[in-house]
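What follows is one structure encoded as structure tokens, with my remarks underneath.
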There are 2 protein chains.
Amino acid sequence: MTFDDTPATSPPSLAEAKAQFIHLWGVSATSWGVSKTLAQVHALLLVSPKALSTEDIMAQLTISRGNASMTVRELLDWGLIYKELRLGERREFFVAEKDMLQVTRCIIRARKRRELDQMKRSLDQLANLPGDAADVEYQAFHSTLTDIQQLATASDKLLTKLMQVERSWFWDKFLKLFL
Amino acid sequence: MTFDDTPATSPPSLAEAKAQFIHLWGVSATSWGVSKTLAQVHALLLVSPKALSTEDIMAQLTISRGNASMTVRELLDWGLIYKELRLGERREFFVAEKDMLQVTRCIIRARKRRELDQMKRSLDQLANLPGDAADVEYQAFHSTLTDIQQLATASDKLLTKLMQVERSWFWDKFLKLFL
DNA sequence: AAGAACTTTCAATTATTTCTGAAACATATG
DNA sequence: CATATGTTTCAGAAATAATTGAAAGTTCTT
């Protein structure tokens, strides 16, 4: 990526805009409990028309080999990037899933599994606690837990539906229905 | 707290269950970029039938006065708890909003304002970057940014609708439509 | 206006998370 | 099998974020 010296008043170069987008994606991720590097590697690949090697990623984001390796592996787990193998090349290249509907599905799937499903198990256990229905302390606990459980179940079902939804249905029916 | 000698196999006492819930809420919050203490104070008040003072909160969660004060303030900002003032009492008591639909609205409102709205502004700026439509690098950048923008706009509208939705509509129509 | 009761602030400390870099590991090639 | 090329691991370092606690601030009471 070339260095460039344009004055502050002109529109940013493509390289600058990419850097800004990568930065933005990193900052946003952080406030949703996702590691900055994970998001930045994702952003870099999202705006890259061709597959990048680990070396490319290290160089562009100035991160260590270890970090790049771990991060790429996690993105593969999420399903947000793919390996691209080339004949006669030892090293691996990576491309991002570019379809944002698909990206959304991956993110919902991963986070639902990791956090919502786990939480529902704990809630089920706690909400079943037997107790004295006349005790105001017990009542407060039990009714709050039940309400949260209900909300968790509703969220779960909604997210499951959203993941399964067809592209055409999504853009045609769903959006027009609500928006 | 009362004397209790039950073996490990029996159901947990109410106090234990509350502690577990508070812990669960704290852990879950952490993975969504929300501070542990914020969530734990919220959880404590959610399962407390009566309003608690700052002292109560400090004691139950063993946190410092400063932490309790800051956290309570932030929960007030989110709209998740209310002050309860008592005649002839200097100190303030706090109660949680117990209605989980309302709680959901507060959380959506706060996070949308803080993160989504801010992000949309940045995206608008970046997606407008002029460039050479024949350049594959530019194309990749521009089309990805446009897609993300579209997704952000759709999310925004959906969240706005969700916040405005009536309770009856939500439980009757929305859920039955999808779930 | 001085003291009591309570709240807020913030610099310093502590805890947690993330990242680095070098060594170990894997695999292809001469 | 020795070397070259590339990947993974993980203990310690560095960066970030959360928390404390004591001092300053506020408000009520007499």
Side-chain angles (χ1 to χ4, degrees), chain A residues 22-45 51-78 81-95 111 114-115, chain B residues 22-45 51-78 81-95 111 114-115:
Chain A
I22 289 166
H23 179 255
L24 173 65
W25 215 234
V27 169
S28 303
T30 313
S31 56
W32 290 96
V34 171
S35 109
K36 191 184 59 171
T37 304
L38 190 87
Q40 291 190 326
V41 173
H42 185 218
L44 174 63
L45 289 170
L52 300 182
S53 69
T54 306
E55 292 283 347
D56 294 332
I57 294 170
M58 287 166 61
Q60 301 229 16
L61 302 177
T62 51
I63 60 175
S64 71
R65 186 172 300 283
N67 196 4
S69 169
M70 301 285 274
T71 299
V72 152
R73 192 144 61 80
E74 198 175 343
L75 284 169
L76 288 167
D77 283 350
W78 284 64
I81 67 174
Y82 308 109
K83 264 187 193 169
E84 185 182 289
L85 298 175
R86 293 177 187 177
L87 287 170
E89 277 269 23
R90 268 298 287 296
R91 72 201 148 136
E92 300 172 326
F93 291 79
F94 303 95
V95 237
R111 302 217 66 166
R114 281 164 214 223
E115 283 117 31
Chain B
I22 290 167
H23 179 256
L24 172 66
W25 214 235
V27 169
S28 304
T30 311
S31 55
W32 290 96
V34 172
S35 110
K36 190 186 60 174
T37 304
L38 190 86
Q40 291 190 326
V41 173
H42 185 218
L44 174 63
L45 289 170
L52 300 182
S53 69
T54 306
E55 292 284 347
D56 293 333
I57 294 169
M58 289 166 60
Q60 302 231 17
L61 302 177
T62 50
I63 61 175
S64 71
R65 186 172 300 284
N67 195 3
S69 170
M70 300 286 273
T71 299
V72 152
R73 194 99 356 253
E74 199 175 342
L75 284 169
L76 288 167
D77 282 351
W78 283 64
I81 67 173
Y82 308 109
K83 264 187 193 170
E84 186 181 288
L85 298 175
R86 292 179 186 176
L87 287 171
E89 278 269 23
R90 264 307 284 296
R91 72 204 148 134
E92 300 171 326
F93 290 79
F94 304 95
V95 236
R111 301 217 68 163
R114 280 164 215 222
E115 283 119 31

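Chain naming here is simple, since letters A, B, ... match the order of the sequence lines and numbering starts at 1 in each.
Nearest nucleotide to the T54(A) side chain, out of dC19(C), dA18(D), dT7(D): dT7(D). The listed nucleotides are dT8(D), dT18(C), dC6(C); the one nearest the side chain of R91(B) is dC6(C). For S64(B), whose side chain is taken as the heavy atoms from C-beta onward, the closest listed nucleotide among dT17(C), dT19(D), dC19(C) is dT19(D). Closest contact between the side chain of N67(B) and the listed nucleotides dT19(D), dT9(C), dC19(C) involves dT19(D). Nearest nucleotide to the side chain of S69(A), out of dC10(D), dT9(C), dT7(D): dT7(D). Closest approach to the M70(A) side chain among dT9(D), dC19(C), dT7(C) is made by dT9(D) (side chain taken as heavy atoms from C-beta onward). In the set dT26(D), dG21(C), dT7(C), the nucleotide with an atom closest to the side chain of R90(B) is dT26(D).
Summarising the geometry, the separation between CD on E84(B) and P on dC6(C) is reported as 16 Å, rounded to the nearest angstrom. Summarising the geometry, the separation between CD on E55(B) and P on dA5(C) is reported as 12 Å, rounded to the nearest angstrom. For the pair L38(A) CG and dT17(C) P, the computed distance is 16 Å after rounding to whole Å. K36(A) places its NZ atom 6 Å from the P atom of dC19(C), with the value rounded to the nearest Å. The CE atom of M58(A) sits 9 Å away from the P atom of dG21(C) (whole-angstrom rounding). Protein atom CG of L85(A) is 19 Å distant from nucleotide atom P of dT5(D), rounded to whole Å. Going from atom CG of L61(A) over to atom P of dT18(C) covers 17 Å, rounded to whole Å. Atom-to-atom, CD1 of I63(A) to C1' of dA13(D) comes out at 17 Å; the value is rounded to the nearest Å.
For L44(A) against Q60(A), the heavy-atom pair with the smallest separation is CD1-OE1, 3.6 Å. Heavy-atom minimum distance, R91(B) versus S53(B): NH1-OG, 4.0 Å. Residue T71(A) comes nearest to L38(A) through the heavy atom pair CG2-CA, 3.5 Å, listed as atom of the first residue, atom of the second, then distance. Contact detail for R86(B) and A51(B): the closest heavy-atom pair is NH2-CB, 3.9 Å.
Within 4.0 Å of T71(B), counting heavy atoms only, lies no atom of the nucleic acid at all. Contacts of R65(A) with the nucleic acid, taken as non-hydrogen atoms under 4.0 Å apart, include base atoms. Residue E92(B) is classed as a sugar-phosphate contact, given heavy-atom separations below 4.0 Å to backbone atoms only. S53(A) comes within contact range of no nucleotide atom at all, as no heavy-atom separation falls under 4.0 Å.
OP1 or OP2 of dT19(D) has at least one side-chain nitrogen or oxygen of T37(B) nearer than 4.0 Å.
A perpendicular orientation is assigned to the rings of W32(A) and W32(B), their planes being inclined by more than 60° (bins at 30° and 60°).
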